[in-house]
Amino acid sequence: QVQLVESGGGSVPAGGSLRLSCAASGYTFDRGCTGWFRQAPGKEREGVAAIDGGDRTTYADSVKGRFAISKDYAKNTLYLQMSSLKPEDNAMYYCAARTTFGGRCFGTNRDPYYYNFWGQGTQVTVSS
């Protein structure tokens with residue numbers, strides 16, 4: 001059974017930084033297609049960043065140059081380093097993963113319907 005658990009959210013002033021973590025059980029981030037998403041109240045879930053089994057990445061235009069997605073193979077953890085945070089980054093942040101069927105997944109995708117497994121989310125609040 002796959003379980004994803006996010007952590008690292010919190011409240012920061014505009015211009016600050018946070019690093020979100022997503023720990024997995026039953027899933028290997030090394031080979032998988034994974035991503036970070038966010039959802040603000042009254043808005044649709046938005047794909048922020050994604051990384052595949054070949055370590056290729058993609059980012060939403062709104063976060064390019066400010067956010068970085070990465071993996072720690074030894075810890076089997078997915079990260080989202082967020083810098084220069086803005087009030088418009090306020091949202092619940094979720095990590096997501098796509099089943100690999102035992103193989104290696106290639107192809108970055110920020111469409112939430114691409115992913116099978118989701119964490120419970122961690123709140124990020126940026127004050128102006």
Side-chain angles (χ1 to χ4, degrees):
Q1 184 176 355
V2 175
Q3 187 174 18
L4 305 176
V5 180
E6 302 95 335
S7 61
S11 297
V12 295
S17 299
L18 283 173
R19 188 178 75 163
L20 306 184
S21 301
C22 177
S25 59
Y27 190 87
T28 303
F29 282 125
D30 176 27
R31 294 179 294 174
C33 287
T34 55
W36 285 97
F37 293 79
R38 66 186 180 187
Q39 189 166 19
K43 294 188 176 181
E44 292 187 353
R45 191 165 292 192
E46 173 192 18
V48 174
I51 187 168
D52 73 0
D55 289 345
R56 290 175 295 187
T57 59
T58 184
Y59 296 93
D61 288 343
S62 59
V63 306
K64 280 181 181 177
R66 300 189 299 121
F67 290 12
I69 188 171
S70 62
K71 299 182 260 187
D72 184 318
Y73 302 128
K75 295 181 179 179
N76 196 32
T77 300
L78 183 71
Y79 297 105
L80 184 68
Q81 178 67 49
M82 305 186 295
S83 303
S84 301
L85 282 161
K86 305 175 181 180
E88 49 262 46
D89 296 318
N90 279 324
M92 185 71 79
Y93 283 71
Y94 302 87
C95 68
R98 178 177 174 87
T99 186
T100 63
F101 299 106
R104 187 174 290 270
C105 179
F106 292 102
T108 55
N109 196 315
R110 288 185 287 108
D111 183 341
Y113 292 99
Y114 185 71
Y115 296 91
N116 309 94
F117 308 112
W118 291 85
Q120 293 300 307
T122 185
Q123 179 69 40
V124 172
T125 302
V126 183
S127 58
S128 57

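What you see is a predicted model; the values in this text were computed from it and never measured.
Under a 3.5 Å cut-off, the side chain of Asp72 and the backbone N or O of Asn76 do not form any donor-acceptor pair. Judged purely by atom type and a 3.5 angstrom limit, Gln39 has no side-chain atom pairing as donor or acceptor with the backbone of Ala91. Looking only at distances, no side-chain donor or acceptor of Glu6 sits under 3.5 Å from a matching main-chain atom of Thr122. A donor-acceptor pair under 3.5 Å links the side-chain atoms of Asp52 to the main chain of Gly107, judged by distance alone. One N or O on the side chain of Asn116 and one on the backbone of Thr99 form a donor-acceptor pair closer than 3.5 Å. Formation of a donor-acceptor pair under 3.5 Å by the Ser62 side chain with backbone atoms of Ala60 is not found in this model.
Grouped by direct or indirect side-chain proximity (heavy atoms under 4.5 Å, Ile/Leu/Val/Met/Phe/Trp/Tyr only), Tyr94 sits with Phe37, Met92, Tyr114, Tyr115, Trp118. Applying the under-4.5 Å side-chain rule to Ile, Leu, Val, Met, Phe, Trp and Tyr, the cluster around Tyr59 extends to Val2, Leu4, Val12, Leu18, Leu20, Tyr27, Phe29, Trp36, Val48, Ile51, Val63, Phe67, Ile69, Leu78, Leu80, Met82, Leu85, Tyr93, Phe117, Val124, Val126.
With rounding to the nearest 0.5 Å, the separation of CD in Gln123 from OG in Ser11 is 8.0 Å. Note: Asn109 CG to Thr34 OG1 = 11.5 Å, rounded to the nearest 0.5 Å. Atom CD of Glu46 sits about 12.5 Å away from atom CG of Asp111, to the nearest 0.5 Å.
In terms of the side chain to side chain donor-acceptor pair (under 3.5 Å) criterion, residue partners of Asp89 (sequence neighbours excluded) are, by chain and number, Arg38, Arg66. Residues satisfying the salt bridge (charged side-chain N to carboxylate O under 4.0 Å, His left out) criterion with Asp30, sequence neighbours excluded, are Arg104. Under the side chain to side chain donor-acceptor pair (under 3.5 Å) criterion, Asp55 pairs with Lys71, Tyr73, not counting sequence neighbours. Contacts of Ser83 classified as side chain to side chain contact (heavy atoms under 4.5 Å, CB included), with partners at least two apart in sequence or in another chain: Ser17, Gln81. Taking Arg110 as the reference, nothing meets the side chain to side chain donor-acceptor pair (under 3.5 Å) condition, with sequence neighbours excluded. Partners of Lys64 by side chain to side chain donor-acceptor pair (under 3.5 Å), not counting sequence neighbours, listed by chain and number: Asp61.
For residues 42-88, there are no disulfide (SG to SG under 2.5 Å) pairs, not counting sequence neighbours. Residue pairs that meet the disulfide (SG to SG under 2.5 Å) test with at least one member in residues 52-101, sequence neighbours left out, are Cys22-Cys95. The disulfide (SG to SG under 2.5 Å) contacts involving residues 26-94 comprise Cys33-Cys105, where partners must be two or more places apart or lie in separate chains.
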